[in-house]
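Take a look at the structure set out below.
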Amino acid sequence: MSGPLRAVVIGVDIGTTSTKAVAYDIDGRQLAHHSVGYPLDEPHPGYAEQDPHLIHAAVLESLRAVVAELGRPVAGLAFGTAMHSLIGLDADGNPLTRSLTWADSRASRQAERLRAIPSGLALHRRTGTPVHPMAPLSKLLWFAEQDPTLFGRVAYWVGIKDWIMLRLCDALVTDHSVASATGLMDIHQLSWDEEALGIAGITEEQLPELVPTTTVLDGLTAEAAAATGLPPDTKVVVGAGDGPLANLGLGAVAPGVMACSIGTSGAMRVMVERPGVDPLGGVFCYALTEQRWAVGGAINNGGIVLDWLGDALAPELGEHAEEELLALAAEAPVGSGGLIMLPYLLSERAPHWSALPRGAYVGLTHGHRRAHLVRAGLEGVCQQLALVLASVRAAGNEVREIRASGGFARSPLWRQMLADVLGMPVGFPAGREGSSFGAALLGMEALGLVASIDVAADLVHIEQTARPAPAAAATYAALLPLFSELYAALVPTFTSLRRLAPSLPPQPPPA
């Protein structure tokens, strides 16, 4: 290979359902890709965990396939990962626990106790991570209280990407981005937070070394090199969390440009140059680099709501009935005839950061039909994102442009609905694997192949733009305060339902 124009970087995105490896050149062209899936296990209510060995195998297999397809040298690897995972290791680096994912809510009561203490909000402001069951801080408390024997045996607590780095490069490190989503790192000092460690009952020596996201590890172990087909001296860029990397992959790197994604879940994030959260603690603040921070919020219920609507309201349509469901939703008017759905099927995160809420339909009348119920569910997802947008603005951030991606973007109805509910034009870039492309771009900067990650804005092109229709936008603007008020109004009901849950027949398992 001669000259930087031919340099290739493989972005590896370790996701919740699969690992994707995608090779890019420095002009942003995708040259090869491969994905390997693995299960998300839910052995008990509230559990959402995975076998880390399966994920390690998926990383190796996806890399091996891409390297074989490329048939040319690789300048380096760069990694992204789903955030908030937690694994306990023994002194030799072997897992003593499964990998608890962001969706694991077993630590709900621990998180609620933390939120209630006087320093709970201060902890959020200092660490950038909302006090929520998703956070490793809350999960550590759960282990300490529910399994103290195992808790005492754990030598190191890490995230899934940290463990993959240990297996690939024999380095126990975690990047500032992943660490900023643990609830354990002071985002202003870029160091482990003493109070958070004290609450969790662990020491700094039990955590990986903190490093910048652009840190380059010197090479692969002999075993990893043989398994992937890469030379042992292949450079490995530690990388970052998938949320901030998705902004980078969408070209949403300049202040004021928001990235919105709706897959199974959803999120909205805008880049800022200095870390911080709003006074009410409605947003997170996660690092991309030391000069770029993603402020925003994630929601648990995105495309999963459409899946549920199909299962619950139109089972005769069978699997993969998205188009039929969306056509059904289009039959109902904007605002669903005054029907509001709180889409909290999997509890919720931003901006309330509570595991308490459940889904609800409010305003149901004799005149409503299946089309109204379906549309209200889609509108509820968009309205929840509108609350996140309001929280981002309340944190003092300008939002002048929105770029969106995810499976929902295939639907013209849902694209238009999002623009109408947010009251802003929404741009849809040419299709790319956002987080893997973001990882590759970060790797290119770390390896000196591009001047800076700012090139992302030039490499990503907007293919379509949905602009709000004035009448629809006005209807949704009138409904949004009602949607927002319903959460607080129903908290006592949610609380009572949870108290009664042990005495009720068990919930049906997820479809």
Side-chain angles (χ1 to χ4, degrees), residues 16-17 40-42 44-49 82 84 101-108 111 132-134 261-268 297-315 317 319-322 325-326 328-329 336 339-364 368 370-388 406-408 411 414 417-418 421 483-484 486-491 493-498 500-501 504-511:
T16 307
T17 58
L40 177 67
D41 300 322
E42 302 174 85
H44 306 288
Y47 285 45
E49 57 186 32
H84 313 297
T101 72
W102 64 267
D104 194 289
S105 61
R106 71 184 74 177
S108 296
H132 186 270
M134 70 181 182
S261 59
I262 305 179
T264 300
S265 57
M268 301 192 79
I299 65 173
N300 284 357
N301 304 277
I304 192 70
V305 175
L306 185 61
D307 294 340
W308 176 83
L309 291 166
D311 292 337
L313 302 179
L317 296 178
E319 295 183 16
H320 311 299
E322 292 86 354
L325 286 167
L326 290 162
L328 194 61
S336 302
L339 180 63
I340 296 174
M341 181 194 182
L342 298 184
Y344 306 147
L345 305 178
L346 298 175
S347 183
E348 195 46 283
R349 285 184 283 174
H352 303 296
W353 302 106
S354 171
L356 188 63
R358 296 185 176 192
Y361 278 105
V362 178
L364 195 62
H368 287 120
R370 187 164 63 169
H372 297 88
L373 273 72
V374 174
R375 185 181 185 105
L378 305 183
E379 290 177 338
V381 173
C382 295
Q383 287 166 319
Q384 192 68 24
L385 288 169
L387 296 185
V388 176
F408 90 104
S411 163
W414 215 341
M417 186 185 292
L418 182 66
V421 172
F483 180 88
S484 179
L486 280 173
Y487 172 83
L490 289 174
V491 162
T493 303
F494 296 146
T495 304
S496 297
L497 281 171
R498 189 174 69 177
L500 286 171
L504 298 173
Q507 294 184 47

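Nearest heavy-atom pair, Gly363 versus Leu339, reported as atom, atom and distance to 0.1 Å: C-CD1, 3.9 Å. Between Met341 and Leu345, the shortest heavy-atom distance links the atoms CE-CD2, 4.0 Å. Listed here is the closest heavy atom pair of Leu490 and Ala360: CD1-CB, 4.1 Å. Contact record, Gly297 with Trp353: CA-CZ2, 4.2 Å, taken as the closest heavy-atom pair. Scanning all heavy atoms of the two residues, the minimum distance from Gly302 to Val381 falls at O-CG2, 3.9 Å. Taking each heavy atom of Glu348 and Ile299 in turn, the nearest pair found is OE1-CA, 3.2 Å.
Of the inter-residue distances, the one linking Ile262 atom CD1 with Gln384 atom CD reads 11.5 Å to the nearest 0.5 angstrom. Taking CD of Glu42 as the start and CG of Asp104 as the end, the distance is 9.5 Å to the nearest 0.5 Å. Between the CG atom of Leu385 and the OG atom of Ser261 there is a distance of 8.5 Å, given to the nearest 0.5 Å. Once rounded to the nearest 0.5 Å, the distance linking CG of Asp311 with CG of Leu306 reads 10.0 Å.
Side-chain contact check for Thr17 versus Leu40: every heavy-atom pair is 4.5 Å or farther apart. Side-chain contact between Tyr487 and Ser354 is present, with heavy atoms from C-beta onward closer than 4.5 Å. Taking the side chain as every heavy atom from C-beta outward, Val305 and Leu378 never approach each other to under 4.5 Å.
Considering only residues two or more places apart in sequence or on other chains, Ser108 meets the side-chain contact (heavy atoms from CB on, under 4.5 Å) condition with Ser105, Pro133, Ala355. With sequence neighbours left out, Ala298 forms a side-chain contact (heavy atoms from CB on, under 4.5 Å) with Ala267, Phe284, Arg349. Residues forming a side-chain contact (heavy atoms from CB on, under 4.5 Å) with Leu346 (at least two apart in sequence, or on another chain): Asn300, Asn301, Ile304. With sequence neighbours excluded, the residues that form a side-chain contact (heavy atoms from CB on, under 4.5 Å) with Arg370 are Leu313, Ala314, Glu316, Leu328, Val374. By the side chain to side chain donor-acceptor pair (under 3.5 Å) test, Thr264 pairs with no residue at all, sequence neighbours left out.
Contacts classified as salt bridge (charged side-chain N to carboxylate O under 4.0 Å, His left out) and involving residues 377-388 (residues at least two apart or in different chains) are given here: Arg375-Glu379.
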Would you check, one step at a time, whether the test side-chain contact (heavy atoms from CB on, under 4.5 Å) holds for Val491 with Leu356?
CA-CA 8 Å; Val491 162; Leu356 188 63; 4.0 Å; yes
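Relative ring orientation between Trp414 and Phe408 is described as perpendicular, the plane-to-plane angle rising above 60° on a 0-90° scale split at 30° and 60°.
Both the sub-6.0 Å distance and the 45° axial angle are satisfied by Arg106 relative to the ring of Tyr47.
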